[in-house]
2 protein chains.
Amino acid sequence: MDAEQAAKTKLKEIGMRITPQRVLILKNIIAMNGHLTAEEIHRELPSFITLATVYNNLKYFAELNLINELSFGSSCSKYELADTSHYHVICESCQQIADFNYPLLNEVEYAAAQVAHFKVHRHTLEFYGLCQECKKKK
Amino acid sequence: MDAEQAAKTKLKEIGMRITPQRVLILKNIIAMNGHLTAEEIHRELPSFITLATVYNNLKYFAELNLINELSFGSSCSKYELADTSHYHVICESCQQIADFNYPLLNEVEYAAAQVAHFKVHRHTLEFYGLCQECKKKK
DNA sequence: TTTGCTGCAAAAGTTTTGCAAACTT
DNA sequence: AAGTTTGCAAAACTTTTGCAGCAAA
């Protein structure tokens with residue numbers, strides 16, 4: 001299935017109206033497969049789509065757990081597809097984000113839910129440090 | 001040792017100039033012992049201290065690892081003292097943050113550093129869900 | 001005395017919003 | 001036809017900055 005079809009399918013699944021804007025935004029997130037800012041996504045889109053529309057839809061997508069909003073580090077949020085489970089390693093010098101695949105910490109999540117009396121439905125784990133290039137520069 | 005003395009000691013330790021503004025800001029963070037926004041900290045301070053000064057100093061404090069900046073969830077960052085090791089449980093409905101004490105995941109941190117070729121010096125772990133009150137409301 | 005810090009005010013940057021027109025279902 | 005979504009432009013918010021005067025070492 002190509003990214004466009006995947007985007008439409010996802011939108012249908014979560015019951016959102018399928019507009020060209022939404023399909024294009026989601027398609028780009030799927031195709032670029034990274035950690036993108038609203039601005040970066042907008043830059044790839046045809047110019048009739050406004051940045052406000054991008055922001056509004058990213059917000060909806062995130063609320064419906066289609067994407068994750070990553071708000072650590074730099075001043076603006078980054079977004080990624082929510083369908084892969086992994087953690088993040090972040091360079092504090094150049095802000096680059098790397099994915100880190102590791103078995104999910106389900107027992108820890110369970111313990112946190114018990115102790116805090118929360119209904120926990122997901123967790124994130126971030127490692128902060130210096131990437132290889134920035135390490136060398138110091 | 002009271003919060004004021006503790007604040008001065010900490011400032012001296014990290015080699016910052018001791019100004020009344022800094023002592024008051026840090027004293028408040030110590031005394032309130034929570035997860036505070038710049039605005040909330042500013043509100044507690046005498047009015048001659050400007051919000052810009054609060055922001056600037058929070059940034060310095062965070063760079064020198066005196067405090068942690070928590071930037072998940074809501075639109076503005078929250079700050080906490082950096083001297084306790086714990087994780088966070090966040091309510092996605094009311095934005096409340098609870099602390100969760102748990103042994104540090106040092107092996108996972110080591111694995112992440114190896115895989116990503118990063119020099120990792122810290123990590124954070126956040127659990128997202130609903131707190132007891134918000135659970136009831138649904 | 002030197003250097004760094006603060007207040008002030010303004011700027012910068014990100015994200016949200018109101019509304020009429022256009023589009024999806 | 002009903003109800004959403006979009007573009008546009010402006011607003012709202014958080015955070016940063018420039019600079020002159022002041023304060024800490």
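Letters A, B, ... are given to chains in the order of the sequence lines, protein chains preceding strands, and every chain is numbered from 1.
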From B/K78 NZ over to B/L70 CG, what is the distance, rounded to the nearest 0.5 angstrom?
->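 Rounded to the nearest 0.5 Å, the NZ-CG separation comes to 8.5 Å.
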Kindly compute the distance separating CG (B/D99) from OG (B/S85), expressed to the nearest 0.5 Å.
-> 11.0 Å
Just how far, in rounded Å, is [atom2] of [N] from [atom1] of [X]?
{"X": "B/L24", "N": "C/dT6", "atom1": "CG", "atom2": "C1'", "value": "13 Å"}
{"X": "A/I25", "N": "D/dT5", "atom1": "CD1", "atom2": "P", "value": "12 Å"}
{"X": "B/E39", "N": "D/dA12", "atom1": "CD", "atom2": "P", "value": "16 Å"}
{"X": "B/L58", "N": "C/dT6", "atom1": "CG", "atom2": "C1'", "value": "15 Å"}
{"X": "A/N57", "N": "D/dT5", "atom1": "CG", "atom2": "C1'", "value": "8 Å"}
{"X": "A/R22", "N": "D/dG7", "atom1": "CZ", "atom2": "C1'", "value": "14 Å"}
{"X": "A/F48", "N": "C/dA22", "atom1": "CZ", "atom2": "P", "value": "15 Å"}
{"X": "B/I49", "N": "C/dC5", "atom1": "CD1", "atom2": "P", "value": "15 Å"}

Sequence-distant partners of A/T84, side-chain hydrogen bond (donor to acceptor under 3.5 Å, both in side chains), two or more places apart = A/H86
For residues A/E92 and B/H121, is any side-chain donor paired with an opposing acceptor at under 3.5 Å?
->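 Yes - a donor-acceptor pair under 3.5 Å links their side chains.
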Just to confirm, is there a sub-4.0 Å distance from OP1 or OP2 of C/dC23 to any side-chain nitrogen or oxygen of A/Q21?
-> no
Any side-chain N or O of B/T50 under 4.0 Å from OP1/OP2 of C/dG7?
-> yes
Given protein heavy atoms under 4.0 Å, the one-letter contact record of nucleotides 15-25 of chain D, with B base, S sugar-phosphate only and - none, is simply BBB-----BBS
Please confirm whether the backbone N or O of A/G129 pairs with a side-chain atom of B/R122, one donor and one acceptor, at under 3.5 Å?
->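 A pair under 3.5 Å: no.
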Kindly assign one of parallel, tilted or perpendicular to the pair B/H123 and A/F127, based on the angle between their ring planes and the thresholds 30° and 60°.
->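 Answer is tilted, since the angle falls between 30° and 60°.
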